[in-house]
**Student:** 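This is the structure I want to talk about, given as structure tokens.
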Amino acid sequence: MSQLDDIAAIRAEFPQLARLIHGKPLVYFDNANTAQKPRAVIDAVSSYYTEHNANVARAVHTLGEEATTLYEAARDKLARFVGARSREEVVFTRGTTESINLVAYSFLRPTLKPGDEILVSRMEHHANIVPWQLIAAETGAKVVPAPITETGELDVDGMIALMNERTRLVGLTHVSNALGTINPVERIIAAAKARGVPSLIDGSQAAPHFRVDVAALDCDFYVLTGHKLFGPTGTGALIAKRAHLDAMPPFMGGGEMIRKVSFDGTTFNDPPHKFEPGTPNIAGFIGLGAAIDWLNAVGMDAIAARETMLRDRMLDALRGVDGLRLIGAARERAAVFSFVVEGAHAHDIATLLDHEGVAVRSGHHCTHPTMQFFGVPATVRASLSFYNTEDEIAAFLTALAKVRRMLA
Amino acid sequence: MSQLDDIAAIRAEFPQLARLIHGKPLVYFDNANTAQKPRAVIDAVSSYYTEHNANVARAVHTLGEEATTLYEAARDKLARFVGARSREEVVFTRGTTESINLVAYSFLRPTLKPGDEILVSRMEHHANIVPWQLIAAETGAKVVPAPITETGELDVDGMIALMNERTRLVGLTHVSNALGTINPVERIIAAAKARGVPSLIDGSQAAPHFRVDVAALDCDFYVLTGHKLFGPTGTGALIAKRAHLDAMPPFMGGGEMIRKVSFDGTTFNDPPHKFEPGTPNIAGFIGLGAAIDWLNAVGMDAIAARETMLRDRMLDALRGVDGLRLIGAARERAAVFSFVVEGAHAHDIATLLDHEGVAVRSGHHCTHPTMQFFGVPATVRASLSFYNTEDEIAAFLTALAKVRRMLA
Amino acid sequence: MSAHPSTLYSETVLAHNRAPHNCGCLADATHHGLAENALCGDRLELSLRMRGDTIEVAMFDGESCAITTACASMLTGMLRDAPRTTPATLRAAMVAMFRGDADAPGEFAAFAELRHHPARQRCALLPFDAALAAMQPKE
Amino acid sequence: MSAHPSTLYSETVLAHNRAPHNCGCLADATHHGLAENALCGDRLELSLRMRGDTIEVAMFDGESCAITTACASMLTGMLRDAPRTTPATLRAAMVAMFRGDADAPGEFAAFAELRHHPARQRCALLPFDAALAAMQPKE
Ligand SMILES: Cc1ncc(COP(=O)(O)O)c(C=O)c1O
Ligand SMILES: Cc1ncc(COP(=O)(O)O)c(C=O)c1O
């Protein structure tokens with residue numbers, strides 16, 4: 001018995017799922033872009049602002065203590081949720097993008113030399129490419145793309161073959177946001193470790209869908225973003241080995257990240273605070289804590305099981321659509337589907353599906369190199385979450401057929 | 001006639017002001033730390049999550065268009081609120097701290113040379129000191145402190161005298177968060193401009209209290225933080241001259257800040273998007289837009305007038321307290337008061353005032369060098385906002401007297 | 001915020017998309033211009049044969065969505081024997097229409113609904129930008 | 001989240017703060033230790049006279065809040081003729097008390113209320129940290 005058996009009750013906890021779009025019930029299939037929020041998250045944010053609003057780690061008054069307690073509790077919750085070794089390993093950021101830039105600026109850049117290599121797969125999100133390009137351009141290092149296959153899977157041996165004595169970091173997405181592929185990150189982490197190369201795993205699309213255990217993965221850095229994890233916008237985390245955080249110089253400077261400031265010299269605080277200067281997104285992280293509580297109550301294993309069912313239904317359905325080409329056919333995959341349709345442009349499909357109430361994304365999904373690899377400028381992407389239903393899959397198929405008739 | 005004439009009605013719009021602390025009505029005098037939020041802001045955040053939640057600048061569906069429209073409308077509102085020359089001058093950040101780090105990393109660092117100087121006053125917040133120290137340490141430049149006086153005012157001539165051909169940037173807080181001093185920023189901006197030196201003004205404590213006109217000030221960079229402006233946490237802005245934003249390389253890399261990504265080379269988007277990689281704090285900025293609407297409806301001039309009245313009342317009151325030493329006695333000042341009390345430690349006062357319902361900050365207020373200058377490790381700081389009342393000032397005085405009796 | 005959806009993909013737009021005019025490569029073109037849409041990766045190439053300040057013929061090529069295709073089809077039609085200032089003038093009229101100021105001339109009024117679809121406006125501007133790029137002095 | 005406030009500044013704590021024991025500089029100290037509180041800038045110095053593994057006398061000095069002062073006053077009392085392990089043992093007992101596990105021994109139980117004031121816990125730990133710093137091998 002899982003709470004997910006009563007899916008109507010679960011959906012009722014997500015107010016936006018009740019919205020009408022052009023008079024039709026919303027079918028939200030854009031979860032890989034951002035997730036909807038349960039009432040518990042929305043309420044946690046509101047109640048911070050109506051009852052506990054104060055700055056953190058500064059004031060000794062009741063409100064300040066309450067805000068600090070709630071904010072730091074969110075760190076404990078996230079640490080446990082992803083299996084971090086300790087709460088000090090969890091640095092709060094604005095999202096995955098900032099997490100990766102933090103690693104680029106504070107971990108890699110200070111020692112990067114001409115000829116050094118940063119190895120990432122060809123299916124990375126721009127967030128796991130551009131930060132490395134920026135520091136590479138500055139230092140003369142280079143970003144090396146690891147091959148992927150026609151089925152949209154990582155060429156594991158190909159990636160490992162590219163690891164060499166110049167490789168300074170290996171970056172890989174846990175789940176591809178464009179293709180849905182679940183990568184065998186353990187194998188890449190192990191191969192990197194065997195060569196003494198630190199690894200960074202982009203968990204943006206993994207954490208919302210199945211149980212993640214950072215300590216078991218034993219990667220050096222794991223990054224994720226809160227808004228895809230049913231939490232507020234402007235939240236995310238870098239989970240890093242403590243030894244790295246201790247050794248890394250600060251990224252940004254300001255209040256809270258210091259122990260003592262003077263014009264003769266400044267000393268820094270301990271991690272994670274060393275990397276969290278200034279007033280953080282307090283309400284956002286309190287909301288993220290509420291999202292994690294909610295996910296724990298429902299159970300990540302139940303969520304993963306339901307999504308596997310939805311994935312299989314959707315895959316069957318899409319395979320039955322004439323003239324539809326799935327981009328990516330990985331065996332290990334999430335309920336994320338990119339496709340193109342003969343004679344119809346992705347944007348037209350997305351706009352016209354929206355007229356039927358169906359929200360999907362069209363475009364390059366911030367993965368230009370992946371699109372280039374598959375020779376398509378853009379795809380339509382339908383990405384599902386546990387709160388989606390088989391009825392919604394049926395509604396999507398009906399809408400897609402109608403849209404194609406219009407464009408034919 | 002101003003809406004502020006009915007202060008009970010105004011206060012009723014701020015739910016947290018009705019809170020009881022230890023059974024006593026909250027007297028919130030910690031506004032320089034963070035401000036309370038009107039219902040309109042809290043509701044704007046909630047209604048984004050219950051009705052319009054989607055990612056911005058990516059999807060063509062209805063929700064995506066709604067979210068993007070609301071998010072970009074907040075940029076228009078902020079641009080008008082601070083008198084920016086155009087909306088493209090407004091870069092959204094997490095807060096003042098990130099804004100200053102952005103200028104440090106993208107504007108100054110690329111060309112900073114050994115011996116170069118960054119001139120900031122001795123009354124800056126750590127956020128306007130440490131980022132400069134970080135890039136100075138890396139490049140061999142140095143951070144030069146400009147003198148302040150015993151009254152807590154800027155030594156304007158002293159600061160101007162320190163501008164020389166090695167000065168690469170002048171940074172100054174518009175209003176001191178520790179002393180309440182309102183600085184004659186126009187004079188410093190003009191002097192810097194006359195010498196071809198770019199200027200950065202920290203408006204964190206100015207924007208919430210009086211009308212700011214960035215175009216009239218004509219500084220190169222103006223920074224502020226949303227949570228002190230009655231908006232959500234995790235929001236802020238850098239307002240910069242367009243020519244600088246065009247010339248500056250990106251700070252962080254990721255989605256949205258690019259035009260095209262490939263492993264052979266990446267081209268960047270135009271400002272402000274060039275500086276806003278990844279998913280922003282969408283809900284937060286929509287809330288900030290609501291805060292600005294609210295402030296405009298009440299009127300910044302009415303707010304400034306009421307705060308001047310409160311400031312004068314508070315100043316009179318504090319001057320009448322035996323054994324209380326005000327730190328900072330600037331003639332041009334905001335309703336922010338730092339003080340120490342004979343025979344009683346700042347922390348004890350703050351904790352015991354809290355027991356009476358009064359929230360003040362104690363500590364160094366992220367201004368170590370200012371505290372060192374005045375030879376105090378810490379002060380008590382009472383900072384008022386327009387929603388505070390004369391009755392609250394009276395309650396504060398009664399509580400302070402009681403606390404002193406306890407500690408005597 | 002969205003108006004009635006059907007009007008965006010009107011019969012006019014859909015018909016142009018099904019059978020676009022002036023689609024292909026202009027063999028004796030004197031000018032070529034390219035415009036790209038970062039959001040979807042679309043590329044549109046416009047080729048012109050110009051004599052003096054007159055555009056004699058215009059054709060377009062590229063993979064593009066129905067909005068872009070229909071707009072390119074209409075624009076290339078309008079550019080036959082048109083003064084070189086026409087693309088800029090029409091583009092300004094489109095932008096004014098998106099702001100809600102006035103309708104654009106002729107068939108372009110079919111895109112009025114885009115005022116409620118800011119994310120798609122770039123699609124309709126792509127052909128204009130390609131034309132402007134074509135006439136840009138090159139070296 | 002906050003319990004009744006008055007118990008934090010109990011008569012015990014206030015009395016120690018008004019007239020702290022062992023306050024000043026120990027002329028024949030063998031060990032000195034300093035601890036700082038980043039939040040408020042407080043500094044507390046502890047001087048010890050040790051013989052072998054025994055702390056014979058302890059005194060403290062510095063500007064500090066009532067919590068720190070009272071705690072230093074109690075601690076220096078407890079350290080008279082105490083084994084060198086006492087500061088670490090007592091500190092652990094304090095931390096356990098803050099977690100709500102058990103009360104700390106003797107007068108230190110007066111700080112039980114700090115479990116509801118995480119921001120002030122550091123104030124009570126400062127004297128322990130100064131003592132531990134004092135006994136840290138120096139060179
Ligand atoms: C003058 C001043 N500058 C900068 C800051 C830092 O702002 P934030 O913590 O929101 O980044 C503050 C507030 O803490 C401030 O008062
Ligand atoms: C795999 C992946 N990495 C990184 C990101 C960037 O996350 P954010 O925009 O929240 O920083 C995303 C989502 O856009 C993603 O799907």
Side-chain angles (χ1 to χ4, degrees), chain A residues 15-16 19 21 30 33-34 36-37 42 45-46 49-51 53-55 58-63 94-95 97-98 101 126-127 129-131 133-134 143 145 227 232-234 250 252-255 258 260-263 266 277-279 281-284 347 350-351 354 359 361-362 366 368-369, chain B residues 15-16 19 21 30 33-34 36-37 42 45-46 49-51 53-55 58-63 94-95 97-98 101 126-127 129-131 133-134 143 145 227 232-234 250 252-255 258 260-263 266 277-279 281-284 347 350-351 354 359 361-362 366 368-369:
Chain A
Q16 185 160 331
R19 238 202 88 162
I21 300 290
D30 196 17
N33 203 350
T34 199
Q36 299 304 330
K37 323 302 177 199
I42 303 168
V45 170
S46 292
Y49 285 129
T50 55
E51 294 174 55
N53 177 59
N55 214 325
R58 300 180 173 194
V60 298
H61 51 61
T62 301
L63 297 173
R94 178 175 31 241
T97 301
E98 189 185 22
N101 279 278
H126 294 164
I129 299 174
V130 185
Q133 289 183 328
L134 292 178
V143 180
H227 67 96
T233 56
M252 298 196 227
I258 55 92
K260 201 160 186 174
V261 172
S262 102
F263 284 102
T266 288
T279 304
N281 184 357
I282 306 168
H347 266 17
T351 298
D354 181 62
R361 187 166 170 196
S362 61
C366 299
H368 278 150
Chain B
Q16 186 161 329
R19 238 201 89 161
I21 300 290
D30 196 17
N33 203 350
T34 199
Q36 298 305 332
K37 322 302 177 199
I42 303 168
V45 170
S46 293
Y49 285 130
T50 54
E51 293 174 55
N53 178 59
N55 214 325
R58 299 181 173 193
V60 299
H61 52 61
T62 301
L63 297 174
R94 178 174 32 240
T97 302
E98 188 184 23
N101 280 278
H126 294 164
I129 299 175
V130 185
Q133 289 183 326
L134 291 178
V143 181
H227 67 96
T233 56
M252 298 195 227
I258 55 90
K260 201 159 184 175
V261 172
S262 100
F263 285 100
T266 289
T279 305
N281 185 356
I282 306 168
H347 265 18
T351 297
D354 180 63
R361 187 167 170 194
S362 61
C366 299
H368 278 149

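Below, chains carry the letters A, B, ... as their sequence lines are ordered, and counting in each starts from 1. Computed from heavy atoms alone, side chains included, the values below leave out hydrogens, waters and symmetry copies.
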**Student:** Which one, A:R361, A:E98, A:H347, A:M252, leads in non-hydrogen pairs under 4.5 Å with chain B?
**Tutor:**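 Heavy-atom pair counts peak at A:M252.
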**Student:** Given A:H227 and A:T233, is the side-chain hydrogen bond (donor to acceptor under 3.5 Å, both in side chains) satisfied, shown in steps?
**Tutor:** CA-CA 5 Å; A:H227 67 96; A:T233 56; over 6 Å; no
**Student:** Flag the one option from B:A350, B:S262, B:S362 with the top tally of heavy-atom pairs under 4.5 Å to chain A.
**Tutor:** B:S262
**Student:** Heavy-atom pairs under 4.5 Å with chain B - which of A:N33, A:I258, A:I282, A:L134 has more of them than the others?
**Tutor:**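 Most heavy-atom pairs within the cutoff with chain B belong to A:N33.
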**Student:** Tell me, for A:N281 versus chain B, whether the close heavy atoms (under 4.5 Å) come from the side chain, the backbone, both or neither.
**Tutor:**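 Both backbone and side chain of A:N281 come within 4.5 Å of chain B.
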**Student:** If you take all heavy atoms of A:P131 and B:G253, which pair is closest and at what distance?
**Tutor:**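 Scanning both residues completely, I find the closest heavy atoms to be CG-O, 3.4 Å.
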**Student:** Any non-hydrogen side-chain atom of B:D354 less than 4.5 Å from a side-chain atom of B:I21?
**Tutor:**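 Touching, per the 4.5 Å side-chain cut-off.
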**Student:** Under a 4.5 Å heavy-atom cutoff, which of B:N53, B:I42, B:T351, B:D30 has the most pairs with chain A?
**Tutor:** B:N53
**Student:** Ignoring hydrogens, what is the shortest heavy-atom contact between B:Y49 and A:Q16? Give both atom names and the distance.
**Tutor:**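 Between these two residues, the closest heavy atoms are O-OE1, 3.4 Å.
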**Student:** Determine the option with the most heavy-atom pairs under 4.5 angstrom with chain A, choosing from B:G255, B:P145, B:P232.
**Tutor:**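 Most pairs with chain A among the choices: B:P145.
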**Student:** What distance separates B:K260 NZ from A:H368 NE2, expressed to the nearest 0.5 Å?
**Tutor:**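 Reported value, rounded in 0.5 Å steps: 7.0 Å.
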**Student:** In the structure I gave you, are the side-chain heavy atoms of B:P15 and A:E51 within less than 4.5 Å of one another anywhere?
**Tutor:**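 In short, these two side chains do not touch, never coming nearer than 4.5 Å.
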**Student:** Considering only heavy atoms and a distance below 4.5 Å, find which of B:G95, B:A359, B:A54 pairs most often with chain A.
**Tutor:**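 Highest number of pairs under 4.5 Å: B:A359.
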**Student:** So which of B:C366, B:G234, B:G284, B:P277 has the biggest tally of heavy-atom pairs under 4.5 Å with chain A?
**Tutor:** B:G234
**Student:** Would a 4.5 Å heavy-atom cut-off, applied to side chains only, mark A:R19 and B:L63 as touching?
**Tutor:** yes
**Student:** Does any backbone or side-chain atom of A:Q36 lie under 4.5 Å from a heavy atom of chain B? Answer side chain, backbone, both or neither.
**Tutor:**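 Both parts, backbone and side chain.
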**Student:** If you count heavy-atom pairs under 4.5 Å with chain A, which of B:T34, B:V261, B:V45 comes out on top?
**Tutor:**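 Looking at each of B:T34, B:V261, B:V45 in turn, B:V261 comes out on top.
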